[in-house]
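Working notes, beginning with the structure itself.
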Amino acid sequence: LYQRVAENHYHENGPWNLMLKAFQDSNSQLEEQDPSFRLLDLASGHGEPCTLFARTYPNAHLISTDFSNDMVELAKERTQHLSNVSVEQADMQDLRFESNSLDVITCSYGFMFPPDKDKAIAEAYRVLKPGGVLIATTWNQLPLMALVGDIMTKVLKLDQRPPPPPLNPMSLSEPHLFEFMLEQGGFEVMTSTTSSYPFVLASDHDFSFKMVTMLIKDKLNELNEWDTARDAYNSLINHYAFVDADGNTVIDDNVFKLTVAKKPIMM
């Protein structure tokens, strides 16, 4: 299920290809000056966009990290053929890297989740070299979360959507919030742009349902409310999705922000 969701991020307008392009635009001379530059990828999940960067820059050294040990093991499996990638478990709020030691940090959909987001930003700032670049994506609009909220409203028999989960993908969706936090942390924000792409779920109705409810799986197990959730999904999905020419259920208009920030060179 996770792999199928993640495949959508490879879309030409999705985060990983645009993060690579943003790096190339902002660091056009970096590989020529230092082909062995060091890149740290935070919240890599199964190893992206670290793997994409590693294939593009074979002389660089890339470090794929995630808080989840399960994801670390998955990333190790996916990157074992790449000699320029190492994989480690890491907490964004307490990085085990020397100060001023990294040229680039990438983070796709990760800064929304640490309990202390300011500390995570401070750690990214600390480990970057002066002049180093941070490239990160955060969600602006995610219809999937609205659908999940509507399903839980029916499951819990509420009059309105329940509060978002503690691990909330939308926690940095307020306009200019992430840029403000970066600037408060000492970064110079270079660019902030938005893009959107579709989530292609599946042609199998049951598989699509499992993809949508993946984030609330534990709660539905706890409540033993899978039948209610399935009925809610069946009644709501057409409000959020369409069926494409291949018979796949597709949720469109997933909007993310790509932010590029630099650690100033101190004079």
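All residue numbers in this chain count up from 1 along the given sequence.
Between T249 and M211, the closest side-chain pair of non-hydrogen atoms is not below 4.5 Å. Here the side chains of L258 and P15 are not in contact, with every heavy-atom distance at 4.5 Å or above. Here the side chains of L74 and M71 are in contact, with some heavy-atom distance below 4.5 Å. Residues T79 and L62 form no side-chain contact, since every pair of their non-hydrogen atoms from C-beta on lies 4.5 Å or further apart. V212 is listed as a side-chain neighbour of I151, based on a closest heavy-atom distance under 4.5 Å. Here the side chains of T51 and V85 are not in contact, with every heavy-atom distance at 4.5 Å or above. You'll find the side chain of H11 stays beyond 4.5 Å of the side chain of F199, heavy atoms only. A 4.5 Å side-chain heavy-atom check between D103 and L39 finds every atom pair outside the cut-off.
When all heavy atoms of H81 and R55 are compared, the closest pair comes out as NE2-NH2, 3.8 Å. Heavy atoms only, all atoms of each residue included: N13 and S196 are closest at CB-O, 3.5 Å.
Residues satisfying the side-chain hydrogen bond (donor to acceptor under 3.5 Å, both in side chains) criterion with E48, sequence neighbours excluded, are Y10. For Y240, there are no ring-ring contact (aromatic ring centres under 6.0 Å, His included) partners, not counting sequence neighbours. In terms of the side-chain contact (heavy atoms from CB on, under 4.5 Å) criterion, residue partners of D246 (sequence neighbours excluded) are, by chain and number, D244, N248. With sequence neighbours excluded, the residues that form a side-chain hydrogen bond (donor to acceptor under 3.5 Å, both in side chains) with N221 are W226.
Residues in residues 101-136 take part in these ring-ring contact (aromatic ring centres under 6.0 Å, His included) pairs, two or more places apart or across chains: H9-Y109, Y109-W139, F111-F178, Y125-F187. Pairs of residues two or more places apart, or lying in two chains, that qualify as salt bridge (charged side-chain N to carboxylate O under 4.0 Å, His left out) and include a residue from residues 107-123 are K119-E123, E123-R126.
Judged by distance alone, with hydrogens and angles left aside, the side-chain atoms of E73 form no donor-acceptor pair with the main-chain N or O of D70 at under 3.5 Å. Counting only distance, with no hydrogens or angles, the side chain of R161 and the backbone of T153 share no donor-acceptor pair below 3.5 Å. Side-chain N or O atoms of E183 include none that pairs as donor or acceptor with a backbone N or O of V189 at under 3.5 Å. Of the possible polar contacts, none joining the S64 side chain to the G47 backbone as a donor-acceptor pair under 3.5 Å is found. One N or O on the side chain of N84 and one on the backbone of A54 form a donor-acceptor pair closer than 3.5 Å. A donor-acceptor distance shorter than 3.5 angstrom exists from the side chain of R96 to the backbone of Q89, with no hydrogens or angles considered.
Counting non-hydrogen atoms of other residues, nucleotides and ligands closer than 6.0 Å to CD of E98 gives a total of 12 or fewer. By the 6.0 Å contact criterion, CG on D206 is enclosed, its count of non-hydrogen atoms from other residues, nucleotides or ligands being greater than 12. The environment of NE2 in H205 is crowded: more than 12 heavy-atom neighbours from other residues, nucleotides or ligands sit within 6.0 Å.
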- Item | Step-by-step side chain to side chain donor-acceptor pair (under 3.5 Å) determination, D41 to T106 | CA-CA 5 Å; D41 190 26; T106 54; 2.7 Å; yes
- Message: Apply salt bridge (Lys or Arg N to Asp or Glu O under 4.0 Å) to residues K154 and D150 and explain how you reach the verdict.
- Response: CA-CA 7 Å; K154 291 182 178 292; D150 286 347; over 6 Å; no
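Under the 4.5 Å side-chain heavy-atom criterion for Ile, Leu, Val, Met, Phe, Trp and Tyr, V148 and V5 are members of the same hydrophobic cluster. Hydrophobic clustering (side-chain heavy atoms under 4.5 Å, transitive across Ile, Leu, Val, Met, Phe, Trp, Tyr) groups Y233 together with M214. A continuous path of ILVMFWY side-chain contacts below 4.5 Å connects L177 to M92, so both sit in one hydrophobic cluster. Under the 4.5 Å side-chain heavy-atom criterion for grouping Ile, Leu, Val, Met, Phe, Trp and Tyr, F180 is not connected to F256 through any hydrophobic cluster. By the rule that hydrophobic residues join a cluster once side-chain heavy atoms approach within less than 4.5 Å of another member, L223 and L215 end up as members of one cluster.
Summarising the geometry, atom CG belonging to L236 is positioned 9.5 Å from atom CG belonging to N238; distances are rounded to the nearest 0.5 Å. Put simply, CZ on R38 and CG on L102 are 5.0 Å apart, with the number rounded to the nearest 0.5 Å. Between C50 atom SG and M19 atom CE the span is 10.5 Å, to the nearest 0.5 Å. With rounding to the nearest 0.5 Å, the separation of CD in Q184 from CD1 in I121 is 10.0 Å.
Side chain to side chain, E225 and T228 meet the donor-acceptor criterion of an N or O pair below 3.5 Å.
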